[in-house]
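For the numbers below, each heavy atom of this structure counts, side chains included, while hydrogens, waters and symmetry mates do not. Lettering of chains follows the sequences in order, A, B, ..., and the numbering in each one begins at 1.
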Number of protein chains: 2
Amino acid sequence: MKNEMNPHQCQVVTALNTFVGKWKPIILLNLFVNGTLRFNELRKQIPDIKQRMLTLHLRELEEQDLIKRVVYAQVPPKVEYSLTEYGKTLGPLMNALHEWGENHLKHLETMKSPPLIKDPNS
Amino acid sequence: MKNEMNPHQCQVVTALNTFVGKWKPIILLNLFVNGTLRFNELRKQIPDIKQRMLTLHLRELEEQDLIKRVVYAQVPPKVEYSLTEYGKTLGPLMNALHEWGENHLKHLETMKSPPLIKDPNS
DNA sequence: TTACATAGTATCAAAAAAGGAACTATTAGG
DNA sequence: CCTAATAGTTCCTTTTTTGATACTATGTAA
């Protein structure tokens, strides 16, 4: 743990605020994994998301310079979303989260199921 | 980005869910930085938190095996909170978040203030 | 006996986030 | 003229999260 880390003016919170929420991490992950996706392709990838929520969060992520939005002048409309170069800097963080999460699932298993038979040597 | 990473059964979300929220990261950070703290010491470290929120989140973090709670049988009461060994495994993640957050603050600066004078060589 | 300190609970109110359903613009094709 | 496709927007409701304030238990010390 960084010793200059200060829980008040807090960069950890700054970081979290850019991509937490019910949908943002999933949207970002999909763009990491699939590259460029159209609006409806994202919807298919995230079946439970409502159109409204998808639009709102895409707009916010765009504001934050994490994703870019490219509109093609055609009908029916075509809009493509992808990570910006800056958005891609979240990659290592996503990996770290992924790994900790994976380990956490294992930890949950060991917590839920205590040994049925006590080890006689303990 | 991990190629086996799958936005559906998603470990990133699993990880985030264990410590996101308005107060949890700050509580954890304080325990990382200060080690063991009593209830009221935590309150002083986090001036804006309401007693209720502190209690609720401490209980949740304890449930999750991220922190431990030690009650001393004395009056007035004394209750100490600290990270569990498992809680300490969040350290590298906190550091990664801290670093990305720090960089993000710089990025925000460069976004907010576009050059007043265009570089004639660009 | 009264006040004090610590670590809480209990209740109700407010605010923030998310959900649901319906509606829109555009144009190509039949 | 009607329909279909895409990427939205509008309006309203529900759920979730926080906030605000007051109240409690208990032993010690004045």
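When the P atom of C:dT6 is taken as reference, atom CG of B:Asn40 falls 6 Å away, rounded to whole Å. Between A:Arg43 atom CZ and D:dG8 atom C1' the separation is 9 Å, expressed in whole Å. Rounded to a whole Å, the CD atom of A:Glu80 is 9 Å from the P atom of D:dA7. Between the CG atom of B:Leu42 and the P atom of C:dA7 there is a distance of 10 Å, rounded to whole Å. In this structure, A:Leu54 places its CG atom 15 Å from P of D:dT6, rounding to the nearest Å. Separating the CD atom of B:Gln74 from the C1' atom of D:dA25 is a distance of 15 Å, rounded to the nearest angstrom. We find that NZ of B:Lys24 is positioned 14 Å from C1' of D:dT18, with the value rounded to whole Å. Between the C1' atom of D:dT18 and the CD atom of B:Glu60 lies a distance of 13 Å, rounded to the nearest Å.
Between D:dG8 and A:Tyr81, a contact under 4.0 Å exists linking OP1 or OP2 to a side-chain N or O. When the side-chain nitrogen and oxygen atoms of A:Arg69 are compared with OP1 and OP2 of D:dG8, one or more of them lie within a distance under 4.0 Å. Contact between the side-chain N/O atoms of B:Arg59 and the OP1/OP2 oxygens of C:dA7 is not found at any separation under 4.0 Å. For B:Arg38, a side-chain nitrogen or oxygen approaches OP1 or OP2 of C:dA7 to under 4.0 Å.
Legend: residues meeting side-chain contact (heavy atoms from CB on, under 4.5 Å) with B:Glu85, ordered by chain and number and at least two apart, are B:Lys88.
Between B:His104 and A:Tyr86, the ring centre distance stays below 6.0 Å.
A salt bridge is defined here as a Lys NZ or Arg NE, NH1 or NH2 lying under 4.0 Å from an Asp or Glu carboxylate O, and A:Arg69 with A:Glu80 fails to meet this definition.
In this structure, A:Gln74 places its CD atom where more than 12 heavy-atom neighbours from other residues, nucleotides or ligands lie under 6.0 Å away.
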Summarise how protein sits on nucleotides 12-30 of chain C as a single string, 5' to 3': B when a protein heavy atom is under 4.0 Å from the base, S for sugar-phosphate-only contact, - for no contact.
------BBB-----BB---
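Residues B:Leu37 and B:Gln45 share a closest heavy-atom pair of CD1-CG, 4.2 Å.
The shortest side-chain heavy-atom distance between B:Leu90 and B:Leu83 does not fall under the 4.5 Å cut-off.
Cation-pi geometry between A:Lys78 and A:Tyr72 is met: the NZ or CZ atom falls under 6.0 Å from the ring centre, inside 45° of the normal.
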